[in-house]
Amino acid sequence: QVQLVESGGGSAQPGGSLTLSCEISGMGGIPFMYFRLGWYRQRPSGQRELVASAPDPSRGDIMYGESVKGRFTVSRDSAKNTVILQMDNLKIEDTGVYYCNALRGTTGPIWGRGTQVTVSS
């Protein structure tokens, strides 16, 4: 059974940085590169929205939500079956619960349980 586990959430000041990691397990022999991995977030007063999406470089292009372009960077580590979200120049509006997401072929999306990110002065 595919599972996603997020880590790295916490608190930061505006202008600061945080790094989130998401490890995928239970792939059942399916290569890591076949999974599109990404991050969504849910702000306290909003719906879940795309933060960043990262397929294997041979299978597509990275996408970012408009509000995080130029500030966040997503990357994949195939040695650790992990997707990483580097968040720089954080803003108060970045506060929310961040969810890891995985998608492959005809299967439905898989979600992690989420990790809290709080940005405050």
- request: Start with the C-alpha distance between Phe35 and Ile30, add both sets of side-chain angles, then the distance that settles side-chain contact (heavy atoms from CB on, under 4.5 Å), and finish with yes or no.
  value: CA-CA 9 Å; Phe35 290 87; Ile30 300 173; 3.6 Å; yes
- prompt: Run the side-chain contact (heavy atoms from CB on, under 4.5 Å) check on Asn101 and Ile110 step by step: do they pass?
  reply: CA-CA 6 Å; Asn101 168 271; Ile110 305 298; over 6 Å; no
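Within the structure, salt bridge (charged side-chain N to carboxylate O under 4.0 Å, His left out) pairs that include any residue of residues 55-65 do not occur (at least two apart or interchain). Applying the side chain to side chain donor-acceptor pair (under 3.5 Å) test to residues at least two apart or on different chains, none of the pairs has a partner in residues 75-85. Sequence neighbours left out, not one pair with a member in residues 48-96 passes ring pair (Phe, Tyr, Trp, His ring centres under 6.0 Å). Residue pairs meeting the disulfide (SG to SG under 2.5 Å) criterion with at least one partner in residues 11-103, sequence neighbours excluded, are Cys22-Cys100. Residues in residues 30-68 take part in no disulfide (SG to SG under 2.5 Å) pair, two or more places apart or across chains. The ring pair (Phe, Tyr, Trp, His ring centres under 6.0 Å) contacts involving residues 88-121 comprise Tyr40-Trp111, where partners must be two or more places apart or lie in separate chains.
For Arg43, the salt bridge (charged side-chain N to carboxylate O under 4.0 Å, His left out) partners at least two apart in sequence or on another chain are Glu49. Taking Pro57 as the reference, nothing meets the side-chain contact (heavy atoms from CB on, under 4.5 Å) condition, with sequence neighbours excluded. Among residues two or more places apart in sequence or in another chain, the side-chain contact (heavy atoms from CB on, under 4.5 Å) test is passed with Thr19 by Ile84, Gln86. Residues satisfying the salt bridge (charged side-chain N to carboxylate O under 4.0 Å, His left out) criterion with Arg71, sequence neighbours excluded, are Asp94. Contacts of Gln116 classified as side-chain contact (heavy atoms from CB on, under 4.5 Å), with partners at least two apart in sequence or in another chain: Thr95, Val97, Thr118.
Side-chain contact between Met27 and Gln3: absent, with no pair of heavy atoms (C-beta onward) separated by less than 4.5 Å. At least one side-chain heavy atom of Leu20 sits under 4.5 Å from a side-chain heavy atom of Trp39.
Hydrophobic clustering (ILVMFWY, side-chain heavy atoms < 4.5 Å, transitive): Val83 and Val5 are in distinct clusters. Side-chain heavy atoms closer than 4.5 Å link hydrophobic residues (I, L, V, M, F, W, Y) into clusters, and following such links, even through other members, never connects Leu103 to Val2. Hydrophobic cluster membership differs between Ile92 and Met87, with clusters built from Ile, Leu, Val, Met, Phe, Trp and Tyr side chains linked at under 4.5 angstrom.
Within the model, atoms CD1 of Ile24 and CG of Leu37 stand 5.5 Å from one another, a figure rounded to the nearest 0.5 Å.
Counting all heavy atoms, side chain and backbone alike, Arg41 lies closest to Ser67 at NH2-OG, 3.0 Å. What you find for Pro55 and Arg36 is that their closest heavy atoms are CD-NH1, 3.5 Å. Scanning all heavy atoms of the two residues, the minimum distance from Met33 to Ser58 falls at CE-OG, 3.4 Å.
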Considering only distance and modelled atom types, tabulate donor-acceptor pairs under 3.5 Å from the side chains of residues 8-18, sequence neighbours left out.
residue : atom : partner : partner atom : Å
Ser17   : OG   : Asp88   : OD1          : 2.7

